[in-house]
Protein chains: 2
Amino acid sequence: MSDTANTRPTLAAVAARAGVSASTASLVFSGRGPVADATRARVLEAAAELDFAGPDPTARSLRRGRTGVIGVVTEDSLGDAFRDPINLALLDGLGDELADEGYGLLVLPWAPGSSVDLAAAPMDAAILLGCSADLAHSVEVLQQRRIPLVAIEAPELPGVVPIDLDNAEAARHGAELLRELGHERVALVTLPLDVDRTRGALTPEREAAATAFTASERIRGARAVFPDAGGVSAGGSTVGEGYAAGQALLQVPDAERPTAVIAQSDLLAAGVIRAAEELGIAVPDDLSVLGFDGIRLDGITSHALTTLVQPAVEKGRAAGRAVRAALAGDTPDAVTLTSELRRGATVAAPPPPGGQSL
Amino acid sequence: MSDTANTRPTLAAVAARAGVSASTASLVFSGRGPVADATRARVLEAAAELDFAGPDPTARSLRRGRTGVIGVVTEDSLGDAFRDPINLALLDGLGDELADEGYGLLVLPWAPGSSVDLAAAPMDAAILLGCSADLAHSVEVLQQRRIPLVAIEAPELPGVVPIDLDNAEAARHGAELLRELGHERVALVTLPLDVDRTRGALTPEREAAATAFTASERIRGARAVFPDAGGVSAGGSTVGEGYAAGQALLQVPDAERPTAVIAQSDLLAAGVIRAAEELGIAVPDDLSVLGFDGIRLDGITSHALTTLVQPAVEKGRAAGRAVRAALAGDTPDAVTLTSELRRGATVAAPPPPGGQSL
DNA sequence: TTGTAGGCGTTATCAC
DNA sequence: GTGATAACGCCTACAA
């Protein structure tokens with residue numbers, strides 16, 4: 001009953017108690033070697049007596065060169081990173097490929113000046129999640145660690161496996177639909193342009209200074225069709241931000257009011273729709289609204305959103321597979337996933353110039 | 001230019017190249033010892049030349065006995081765990097207290113039979129998040145590891161620091177409000193009763209078999225006021241599940257229809273409200289709906305929900321503080337946080353027995 | 001201010 | 001089947 005101390009028992013202690021060598025005890029726990037049944041039993045018994053949970057993970061990691069941990073580096077705060085339904089779907093995919101393989105996910109909210117030390121976090125590989133243009137900065141220290149790096153929707157970087165989405169192409173595709181319907185005055189509601197998440201009108205300067213890759217790419221795609229489209233950058237991908245953006249864009253003289261809004265996420269689109277409805281602007285008759293993502297709106301809006309559906313879960317799976325491949329010594333291929341236009345009921349031809357349906 | 005190999009450089013290699021001993025090089029990186037400026041410079045130069053990122057985290061952890069990682073053990077899949085706004089708020093609080101202190105959060109979705117090995121995950125402490133009654137099981141191996149354990153809203157367990165919410169008391173408080181208003185036919189819409197998340201009518205058997213602590217506590221509180229209240233358990237804390245539950249409860253002969261619904265989360269409440277509205281049942285005139293959590297509904301419903309506001313962020317903070325205290329050698333106190341009734345506009349006196357406002 | 005020695009707890013390798 | 005030995009890469013007394 002009276003155990004020596006409350007200090008963690010070691011494998012050596014268990015071995016001693018069982019009257020075997022440490023190596024043999026090790027074999028019992030790792031299962032990678034032949035051990036006589038009687039010996040095994042004795043070791044396990046000794047372990048039970050000492051309340052020994054198993055080999056120390058840190059020591060094991062040092063010896064084996066593997067921690068069983070995959071880092072997920074995000075630029076947002078913990079909460080914010082997971083408040084985006086797209087990231088949640090991605091996590092589902094990652095879980096499928098990694099957690100189910102026994103890997104743990106180490107979430108590292110990293111921003112310049114953050115107290116999280118990417119050089120010191122124990123991990124076998126890292127996935128760069130909502131990381132923006134100065135990716136290079138954060139990546140540098142990770143590169144030095146010689147661990148596999150996977151970046152999701154990020155600018156290309158040598159040595160980093162990219163898991164990409166056809167953001168620009170998809171946005172262009174959506175914009176084309178609007179043009180074909182006859183729209184000319186189109187406004188953008190973009191995702192945050194940088195880590196500051198400043199809400200405000202799009203200006204050439206702000207766009208030039210933008211560091212958010214996904215937002216920039218989607219802007220680029222929309223501009224390929226509507227080169228002069230103005231708009232607003234939101235402070236986050238939320239209904240509330242979309243609502244604010246919608247108000248800013250729609251509370252203007254009728255002649256200036258856009259006939260269509262290209263929102264960079266479904267939540268933003270839902271906010272725009274709400275703003276429109278409150279102003280008595282009918283969707284889609286007076287205003288077309290295009291979303292992005294294809295998430296389940298689950299009653300956030302009753303409209304069937306016309307949107308670009310991205311394979312978010314698959315994005316996570318692809319990232320997970322890439323990590324596993326890299327860890328297995330292979331060189332994972334770059335992946336580019338494609339989004340698909342889903343026609344809902346929020347896009348239509350623009351209202352006739354004179355007629356006001358109000 | 002031609003570095004010896006592509007294998008990770010070690011502190012020893014850097015030291016050798018700088019012409020100093022390993023211990024001196026160590027001092028340079030840990031900063032906890034006097035080093036001559038010239039020496040330091042030479043070491044850093046050598047490090048740069050070898051593209052050395054810093055001491056190996058695993059080796060450092062072994063030596064120091066600290067990994068800088070806090071485990072967060074969840075019973076749900078990764079995505080599901082973070083799909084709950086309450087958990088997100090909690091994460092915000094946790095981030096404040098832990099990530100900002102440089103700790104990383106290792107997310108471990110653990111369920112019986114899961115491939116995640118709680119005995120092998122490198123961590124200095126663990127926070128048990130949505131973990132249910134057979135907590136004891138998962139905790140056993142963690143106890144053996146002699147690391148501090150903090151459980152959020154879980155049954156008490158020796159050696160585990162509890163961070164609790166007054167779930168039963170708050171639910172009772174809300175139920176009392178309804179009774180004071182004159183309600184007698186009250187139905188419950190509960191959170192999932194177990195990891196299966198089976199949706200279905202509440203029965204004594206199902207309740208007895210329930211493993212979800214929070215759900216059980218909130219049921220208990222409501223029953224203290226309405227001992228006979230029946231209801232439905234949802235398959236998750238979502239608007240969709242609330243909607244389904246609402247339909248099940250409200251599509252019955254008028255005489256049997258509850259005059260009030262106690263939902264165990266705001267999302268569920270929002271779903272119930274939607275179902276009611278679709279059935280032409282006015283809230284709160286024909287039906288009172290009480291929520292729980294006090295999250296921002298951000299346009300999910302336009303009603304100002306009457307709900308029990310819980311300090312979710314503070315829950316996370318408290319957990320984070322408890323972990324830090326334990327790691328510092330202190331014995332953290334148990335914490336019980338209290339929820340507060342916020343009167344919105346979804347609760348009113350029941351409709352007069354005969355009168356049908358339809 | 002710097003170097004030496006020893007060990008953190010495991011596991012791989014090779015004898016026996 | 002089992003045991004000795006030697007790392008894994010680092011840090012911390014302590015000595016110089």
Side-chain angles (χ1 to χ4, degrees), chain A residues 4-5 7-44 46-47 50 52-68 117 119-124 144-147, chain B residues 5 7-43 46-47 50 52-68 117 119-124 144-147:
Chain A
T4 42
T7 150
R8 256 210 238 10
T10 70
L11 188 53
V14 172
R17 187 172 186 111
V20 299
S21 78
S23 354
T24 304
S26 174
L27 290 183
V28 170
F29 285 100
S30 69
R32 50 176 101 231
V35 181
D37 285 348
T39 315
R40 174 196 320 287
R42 242 176 327 128
V43 170
L44 291 178
L50 269 73
F52 176 73
D56 180 87
T58 314
R60 181 206 282 264
S61 298
L62 175 59
R63 184 60 241 236
R64 300 236 264 221
R66 283 287 166 91
T67 63
D117 184 356
M123 53 189 175
D124 299 336
Q144 291 184 320
R145 289 184 59 174
R146 321 283 204 275
I147 59 178
Chain B
T7 151
R8 255 211 238 8
T10 70
L11 189 52
V14 172
R17 185 172 188 112
V20 300
S21 80
S23 43
T24 305
S26 175
L27 291 183
V28 170
F29 285 99
S30 69
R32 51 176 100 232
V35 181
D37 285 349
T39 314
R40 175 196 319 289
R42 239 174 332 127
V43 170
L50 266 65
F52 176 73
D56 180 87
T58 313
R60 183 209 281 269
S61 298
L62 176 58
R63 184 60 240 244
R64 301 237 265 221
R66 284 285 166 93
T67 63
D117 185 356
M123 52 190 176
D124 299 336
Q144 292 184 319
R145 290 185 59 174
R146 321 283 205 274
I147 58 178

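In this text, all values refer to a predicted model and were calculated from it rather than measured experimentally. Naming: A, B, ... by sequence-line order, numbering from 1 per chain.
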Inset, instruction - Select from A:P55 and B:A36 the residue whose nearest nucleotide in DNA chain C is closer to the 5' end of that strand. - result: B:A36
Inset, instruction - Starting at atom CZ of B:R42, determine the distance to atom P of C:dT1, rounded to an integer number of angstrom. - result: 14 Å
Inset, instruction - Take the C1' atoms of the five end pairs on each side of the helix from C:dT1-D:dA16 to C:dC16-D:dG1, derive the two axes, and give their angle rounded to 10 degrees. - result: 30°
Inset, instruction - Any chance you could measure A:T24, atom OG1, to A:R40, atom CZ, to the nearest 0.5 Å? - result: 11.5 Å
Inset, instruction - Kindly say if B:S23 contacts the phosphate of C:dT2, meaning a side-chain N or O under 4.0 Å from OP1 or OP2. - result: no
Inset, instruction - May I ask you to test the A:P57-B:R145 pair for a side-chain heavy-atom distance under 4.5 Å? - result: yes
Legend entry - Considering all heavy atoms, the nearest A:L50-A:V14 contact: CD2-N, 4.3 Å
Legend entry - B:R146 side chain to B:Q144 backbone, donor-acceptor under 3.5 Å: yes
Legend entry - Distance, nearest 0.5 Å, that separates CZ of A:R60 from CG of A:L11: 9.5 Å
Inset, instruction - Spell out yes or no: do the side chain of A:R63 and the base of C:dT11 have one donor N/O and one acceptor N/O closer than 3.5 Å? - result: yes
Inset, instruction - Determine whether A:S26 and A:R32 make a side-chain contact, defined as any pair of heavy atoms from C-beta on separated by less than 4.5 Å. - result: no
Legend entry - Outermost DNA chain D nucleotides near chain B [under 4.0 Å, heavy atoms]: D:dG9 to D:dT12
Legend entry - Any A:R60 side-chain N or O less than 4.0 Å from OP1/OP2 of C:dT11: yes
Legend entry - Separation of C:dA12 C1' from A:L11 CG (nearest whole Å): 14 Å
Legend entry - First of B:L62 and B:L27 reached from the 5' end of DNA chain C, by closest nucleotide: B:L27
Inset, instruction - Name the nucleic acid region contacted by B:S30, choosing base, sugar-phosphate or nothing; use a 4.0 angstrom heavy-atom cut-off, strictly under. - result: nothing
Inset, instruction - First locate atom CZ of B:R8, then atom CG of B:D56, and finally report the distance between them rounded to the nearest 0.5 Å. - result: 6.0 Å
Legend entry - Closest contact, heavy atoms only, B:A18 versus B:R42: O-NH1, 2.8 Å
Inset, instruction - Would you classify A:F52 as touching base, sugar-phosphate or nothing, given that sugar-phosphate means primed atoms plus P, OP1 and OP2, and contacts are heavy atoms under 4.0 Å? - result: sugar-phosphate
Inset, instruction - Take the protein atom CZ of A:R66 and the nucleotide atom P of C:dT11, then report the distance between them rounded to whole Å. - result: 15 Å
Legend entry - Rounded distance in Å - CZ (A:R8) to P (C:dG7): 20 Å
Inset, instruction - Determine the minimum heavy-atom distance between A:T67 and B:P122, stating which atoms define it. - result: O-CD, 3.9 Å
